[in-house]
Protein chains: 2
Amino acid sequence: MNEWHDALTRKLQAFKGLGPEDMEMLRELQKPRSLIESGKEVVYEGQYPHSAYILREGWACSYKRLRDGSRQIIDIQIPGDFLGLRSLLLRASDHSFLTITDVEVARLDRQRMLDVFRRTPRLAVGLMWAASRDEAMVVEHLVSIGRRGAFERTAHFLLELGERLKLVGIGDGRTYPCPISQSILADALGMTAIHINRVLRQLREAKIVVFRDGIVEFLDIKRAAEITGFEMAYLDQVPVN
Amino acid sequence: MNEWHDALTRKLQAFKGLGPEDMEMLRELQKPRSLIESGKEVVYEGQYPHSAYILREGWACSYKRLRDGSRQIIDIQIPGDFLGLRSLLLRASDHSFLTITDVEVARLDRQRMLDVFRRTPRLAVGLMWAASRDEAMVVEHLVSIGRRGAFERTAHFLLELGERLKLVGIGDGRTYPCPISQSILADALGMTAIHINRVLRQLREAKIVVFRDGIVEFLDIKRAAEITGFEMAYLDQVPVN
DNA sequence: CGTTATCTTGATAGAGCTCAATTTCAGTGG
DNA sequence: CCACTGAAATTGAGCTCTATCAAGATAACG
């Protein structure tokens, strides 16, 4: 009976049960919704205070651009994730966003966050848990780029994504839709698009994962996990279904 | 009149002024202090709930170890930084710590954090700001490893460290003590100790930075910033002095 | 049905790693 | 006081992984 809920609610349930007033507040928080089309870049240039968003539907990513024009993607956001929560408190915000598909978001300004903390502390702890989990993913991403080879790194990324999506009801961890271009994947994994293409071929030929036509399908998920040293612990999720 | 204060207080002042009751709470928070000697590894193995620490004196680092034995250092901690704040809310903690020098810490458990939030909300916001800033640094670190070459990456790291230290009253940003071994530096920057050694030589020969005998000294800090594209914005600091 | 983004493959160059050896220096014991 | 020890730093040679340059092939799209 969880597919009745939106992605964020599902995700928070994986952390801890929410009471009726928490649920109500959560619904309220996601109220004024707006749509943004695919491929839109939301570039932050240091306005303050800036606001964050809850991504209700669709995919996006946060990135930083370097002076030489190259781009590093920090994180991919899927339904139920936050956009920009990290820098809500910083005077200078630190990165930009790109919508990967058409998305539906709900604005989340500072005042409303403070209301949550005052009125529904349990929900507040849940939100902070989600933020901590996001940070743990960034950390794992850092480790991956710093210490894993391209092959393992790519497989690890796809494994993680599968688990995250499964938690919010998209796919089963083994097969899932994935609207990410190779160029975005490359910038997320710290390599070139050309190389990612070759690595994907290797993964395909090794009968580990096939990523084609917007669909990721693991052929040997156990071996993928072994090879990459994928541990679910940092995702800190208790499957909901 | 800031050298009267401890590192964390100095750091938070750079964000926003603290009232007398905030100061009192902050002093209180750092109360039961303990000493840990250099080279001690605090390995988290998933106990929950676990606690965090305030690092009052000395240097430490947080890292993750991979199955093949390699290590990726996530972040270096200097006086005034937190240890483990990120995973206070996660059931499974996600990384371990290593003391680089002898350190003095103060334990920070969940209950006391909650007290802070209830009793001194302004201080709470300050602590969350510090946490956000830490995360922004991890993000910049990720970008660095993903998209900067070894040369620029190393210079960038040393620049950032200089600014962070300056904020808490250690060094002037141009010259500062740095008890980090090349092996630790390598694991932080995602390369081998051998290569870091060569890069440091290049930086020295290029008359940009000299890192020797535990002291970092910039010879041409302006060029260093240009070359690496170092922007202070993400550190979000307003110098205190 | 051309136009443009995305994907694919080949050839070559180069950054960074691995293996191996030497040096320096602080600590330690005889 | 001096030989040992072990960690950290340094340098060389060769090799691997990944980037770069170039060119097609596909596929989405107005």
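Proteins get letters first, then strands, A, B, ... in listed order; numbering begins at 1 in each. Keep in mind that what you see is a predicted model, and the values were worked out from it rather than measured.
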Show me the donor-acceptor pairs, under 3.5 Å and distance only, between side chains in residues 184-208 of chain B and residues at least two apart or in other chains.
residue	atom	partner	partner atom	Å
Asp187(B)	OD1	Arg147(A)	NH2	2.7
Asp187(B)	OD2	Arg71(B)	NE	2.7
Asp187(B)	OD2	Arg71(B)	NH2	2.9
Thr192(B)	OG1	His195(B)	N	3.2
Asn197(B)	ND2	Gln182(B)	OE1	3.0

Salt bridge between Glu135(A) and Arg86(A), side-chain N to carboxylate O under 4.0 Å?
-> no
Hey, could you give me each pair passing ring pair (Phe, Tyr, Trp, His ring centres under 6.0 Å) that has a residue in residues 136-172 of chain B? Not counting sequence neighbours.
-> His156(B)-Phe230(B)
Gln77(A) CD to Leu83(A) CG distance, which is reported to the nearest 0.5 Å | 5.0 Å
Taking only residues two or more places apart in sequence, or in another chain, which ones meet Asp134(B) in a salt bridge (Lys or Arg N to Asp or Glu O under 4.0 Å)?
-> none
State, with a plain yes or no, whether a side-chain heavy atom of Phe82(B) is found less than 4.5 Å away from one of Leu55(B).
-> no
Using the P atoms only, state how far dA22(D) lies from dC7(C), rounded to an integer number of Å.
-> 22 Å
Which residues, if any, of residues 185-200 of chain A bring a heavy atom under 4.0 Å of DNA chain C?
-> Ile194(A), Asn197(A), Arg198(A)
If you measure from the Lys or Arg side-chain nitrogens to the Asp or Glu carboxylate oxygens, is any gap between Asp220(B) and Arg174(B) under 4.0 Å?
-> no
Strand contacts (DNA chain C) in residues 144-158 of chain B, 4.0 angstrom heavy-atom criterion | Gly149(B), Ala150(B)
List for me each residue that meets ring-ring contact (aromatic ring centres under 6.0 Å, His included) alongside Phe97(A), sequence neighbours excluded, and say none if there are none.
-> Tyr44(A), His95(A)
Salt bridge or not for Arg212(A) and Glu217(A), using N-O below 4.0 Å?
-> no
Is there a donor in the side chain of Glu41(A) and an acceptor in the side chain of Tyr63(A), or the other way round, less than 3.5 Å apart?
-> yes
Enumerate the residues from residues 174-182 of chain A whose closest heavy atom to DNA chain D is under 4.0 Å, giving them by residue number; use none for an empty result.
-> none
Short heteroatom pairs, N/O only, protein and nucleotides 24-29 of chain D, under 3.5 Å:
none

Stepwise salt bridge (Lys or Arg N to Asp or Glu O under 4.0 Å) test for Glu226(A) and Arg223(A) = CA-CA 5 Å; Glu226(A) 281 166 13; Arg223(A) 200 149 71 85; over 6 Å; no
Quick one: do the Ser51(A) and Arg107(A) side chains pair a donor with an acceptor below 3.5 Å?
-> yes
Residue-level proximity of residues 203-212 of chain A to DNA chain D when a heavy atom falls under 4.0 Å | none
Estimated bend of the helix from dT8(C)-dA23(D) to dG30(C)-dC1(D) (axis per five terminal pairs, rounded to 10 degrees) = 30°
Considering non-hydrogen atoms only, spot the tightest contact between Lys11(A) and Gly80(A) and give its length.
-> NZ-O, 3.1 Å
Do any pairs count as a salt bridge (Lys or Arg N to Asp or Glu O under 4.0 Å) and have a residue in residues 97-106 of chain B, sequence neighbours left out, and if so which ones?
-> Arg56(B)-Glu104(B)
Taking only Lys NZ, Arg NE, NH1 and NH2, and the carboxylate oxygens of Asp or Glu, determine whether Glu152(B) and Arg67(A) approach each other closer than 4.0 Å.
-> no
Heteroatom pairs (N/O) under 3.5 angstrom, protein to nucleotides 23-28 of chain C:
none

